[in-house]
Amino acid sequence: MSKVNPRTPKGFRDFLPADMLKREYVMNTVRDVFQTFGFEPLQTPIIELQETLFGKYGEEAENLIYSVSHGRGSKEALSMRYDLTVPLARVVAQYESSLSFPFKRYQMSPVFRGERPQKGRYREFYQCDVDIVGVADTSADAEVIAVVVTALKRLGFPQFTVKINHRQLLTAIGQYSGVPDAQLPDLYRSVDKFDKIGADGVGRELEERGIAPDVVRRMLDLITQQRPGTGNLDFLESALGDLEAARVSIAQLRGLAVDLEDAGVTPDDYAFDLTMVRGLGYYTGPIFETVITEPNIGSISGGGRYDDLIGLFRRESLPTTGVSLGIERIIDLMDVFALYPDDIGGTVVQALVTVFDESTRRDSARLAARLREGGIRTELFMEDKKLGKQFNHADKKGVRLVAVIGPDEAAQGVVKLKRLADGHEQVVALADAVASARQLLDLR
RNA sequence: GUGGGUGUAGCUCAGUUGGUCAGAGCGCCUGGUUGUGGCCCAGGAGGCCGUGGGUUCAAGUCCCAUCACUCACCCCA
């Protein structure tokens, strides 16, 4: 039997303990914020019926959905989930009688896309979604935006902006400018690259796609306004207020601004940006995206209102809005901005209890039990090695406190505690071991 | 799907016009230190030079193919 080269499939990753501690810190912080806003946890299977997923994302995205099979074949065509939104729609339709509406849920789970991986993009990655099902009013949109803003602030992000736009407003602008309906998707796709290629680039690309130059210029004039507050809305209202779609969507965004203020989201945190477009086709109303501009790293959250999606699983749809945190990118940026607290080391272990020799092994084991009882995460050394090796093990792993019980200590009923950071040592009675250890570790 | 880049020790990499080119740093192991980590010193283990073919007296080095990894584009988180 030849040895197998150890590796993961392309685009799939392992997370070693030091990474997991960071990821769990971020996820726990975010989860706590979600619950603070009253969102409930939901878990759905990694595998869905193919029919559940197909026809929801568009033909191109469908090619990226993983199919699943097993040795005996399968009567059912199965796929791995592509996002968490479509499974949510399925759950809502399937369990509506046992859910309370408005239904507010969060889910943090891996999703799978068979794309070619590159920096910050993987085939398995976590999505972190909050959605509100059953509320058509913009107060729901404001709440999911407030969740994002709160989570990012709690994680310590110094500066970010939630860009807000409206799907129908964008359509109205396109139609007003004279873009043929059939080319509206092209319009979205090009405008979406505004940050990257600028107004000139967008204009050039649209003209290459066959849209008349004067149409392009009129459209760009409308979307490139950069007025603070609701200034962009005022401008658009006077420019195309007689269009029904424009009037309605502008009114909604004005309502959203008021709701945001009530939710504690200040105008510093967001901006109405007519150049922001979301890729997915199912959005129907306000759309949002959070960007960090200092290093121009792209978006770290995105979402919007998708009032029709649940209708694909149910006679009548339900108004729904939600947002997804780009947790993988956020985790990368935590390192860039050095936002992790100091006490996230490379290990969960706070104290290592050494074993001097066979004669003291039981004393060490009992000390370890005592420390654990006292709420200290404790490792009992497992091998027969010299003390120096045991200290080395603690140091390399990042354990901050080492306990020694040799024959002398055992005879006197004491333990020697050493803090590795500064080499400080103290000998305490076994009965005081927990209190002293906690003190040396700065635990309360 | 398109276009670049890179494959040499566990890791990061050096290796000149083809000819002592099998190397460095870090890590690992042993000892200096038989009751104490980091720092220092001495020693040691570890490599089919991605794989297959070709050119040559001679290939880590040149050529072809192939696989893997990686970056960017398309698209997206």
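First the proteins, then the strands, lettered A, B, ... as listed; each starts at 1. Keep in mind it's a predicted model, so treat the numbers as computed, not measured.
- B:rU30 is paired with B:rA42 under the criterion used here, namely a Watson-Crick or G-U wobble arrangement in which both key atom distances are under 3.5 Å.
- The aromatic ring of A:F356 does not stack onto the base of B:rG35, failing the criterion of a centre distance under 5.5 Å from the six-membered base ring together with planes under 30° apart.
- At B:rG35, none of the side-chain N or O atoms of A:K386 fall inside 4.0 Å of OP1 or OP2 (strictly under the cut-off).
- To the nearest whole angstrom, the two C1' atoms, one in B:rU66 and one in B:rA22, are 26 Å apart.
- Rounded to the nearest Å, the gap between the C1' atom of B:rC21 and that of B:rA59 is 12 Å.
- To the nearest whole angstrom, the two P atoms, one in B:rU55 and one in B:rC63, are 15 Å apart.
- Judged by Watson-Crick or G-U wobble contacts below 3.5 Å, the nucleotide B:rC62 has B:rG54 as its partner.
- Each of A:Q107, A:K104, A:R105 was compared with A:D131 under the side-chain hydrogen bond (donor to acceptor under 3.5 Å, both in side chains) criterion, and only A:R105 meets it.
- Between A:D192 and A:R189 no salt bridge is recorded (no basic side-chain N to carboxylate O distance below 4.0 Å).
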Would you tabulate the nitrogen or oxygen pairs shorter than 3.5 Å linking the protein to nucleotides 1-6 of chain B?
| from | atom 1 | to | atom 2 | distance (Å) |
| --- | --- | --- | --- | --- |
| B:rU2 | O4 | A:R116 | NH1 | 3.0 |
| B:rU2 | O4 | A:R116 | NH2 | 3.2 |
| B:rG3 | O6 | A:R116 | NH2 | 3.3 |

Sort me out a list of protein N/O and nucleotides 26-30 of chain B N/O pairs below 3.5 Å, or just none if empty.
| from | atom 1 | to | atom 2 | distance (Å) |
| --- | --- | --- | --- | --- |
| B:rU30 | OP2 | A:K389 | NZ | 3.3 |

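- B:rC69 is paired with B:rG5 under the Watson-Crick or G-U wobble criterion, all donor-acceptor distances under 3.5 Å.
- Geometrically, A:R305 does not engage A:Y283 in a cation-pi contact, judged by NZ or CZ lying under 6.0 Å from the ring centre and within 45° of the ring axis.
- Between A:Y82 and the choices A:Y66, A:Y57, A:F125, the ring pair (Phe, Tyr, Trp, His ring centres under 6.0 Å) rule is met once, by A:Y57.
- Of the N and O atoms on the side chains of A:D259 and A:S139, not one donor lies less than 3.5 Å from an acceptor on the other residue.
- Side-chain polar atoms of A:D308 and A:S317 form no donor-acceptor pair below 3.5 angstrom.
- Where A:G326 and A:L420 each meet RNA chain B at their nearest nucleotide, the meeting point lying more 5' is that of A:L420.
- OP1 or OP2 of B:rC74 lies within a sub-4.0 Å distance of a side-chain N or O belonging to A:K193.
- The partner of B:rA24 is B:rU12, by the rule that a Watson-Crick or G-U pair needs both atom distances under 3.5 Å.
- The same atom, P, is picked in B:rC71 and in B:rG19; the two are 33 Å apart, to the nearest Å.
- Using atom P as the reference point in both B:rG52 and B:rG60, the two lie 13 Å apart (nearest Å).
- B:rA14 and B:rG25 have their C1' atoms separated by 10 Å, given to the nearest Å.
- Comparing A:F125 and A:T8, the nucleotide of RNA chain B nearest to each residue sits closer to the 5' end for A:T8.
- Under the 4.0 Å criterion applied to side-chain N and carboxylate O atoms, A:D408 and A:K416 are not assigned as salt-bridge partners.
- A donor atom on one side chain and an acceptor atom on the other are not found under 3.5 Å apart for A:S301 and A:E289.
- Separation of the P atoms belonging to B:rA68 and B:rC28 is 33 Å when rounded to the nearest angstrom.
- Ion pairing between a basic and an acidic side chain is recognised when a charged N comes within 4.0 Å of a carboxylate O; A:R361 and A:E358 show such pairing.
- Between A:Q118 and B:rU70, a side-chain N or O to OP1/OP2 separation shorter than 4.0 Å is absent.
- When the C1' atom is used for both B:rC49 and B:rC13, the distance is 13 Å, rounded to whole Å.
- Counting atom types as modelled, A:K416 pairs a side-chain N or O with a base atom of B:rU36 as donor and acceptor under 3.5 Å.
- At whole-Å resolution of the value, CZ in A:R419 and C1' in B:rU36 are 16 Å apart.
- At a threshold of 4.0 angstrom between heavy atoms, the contacts of A:Y126 with the nucleic acid are absent.
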Can you check salt bridge (charged side-chain N to carboxylate O under 4.0 Å, His left out) on A:E328 and A:R23, steps first, answer last?
CA-CA 9 Å; A:E328 305 289 357; A:R23 293 178 68 86; 2.9 Å; yes

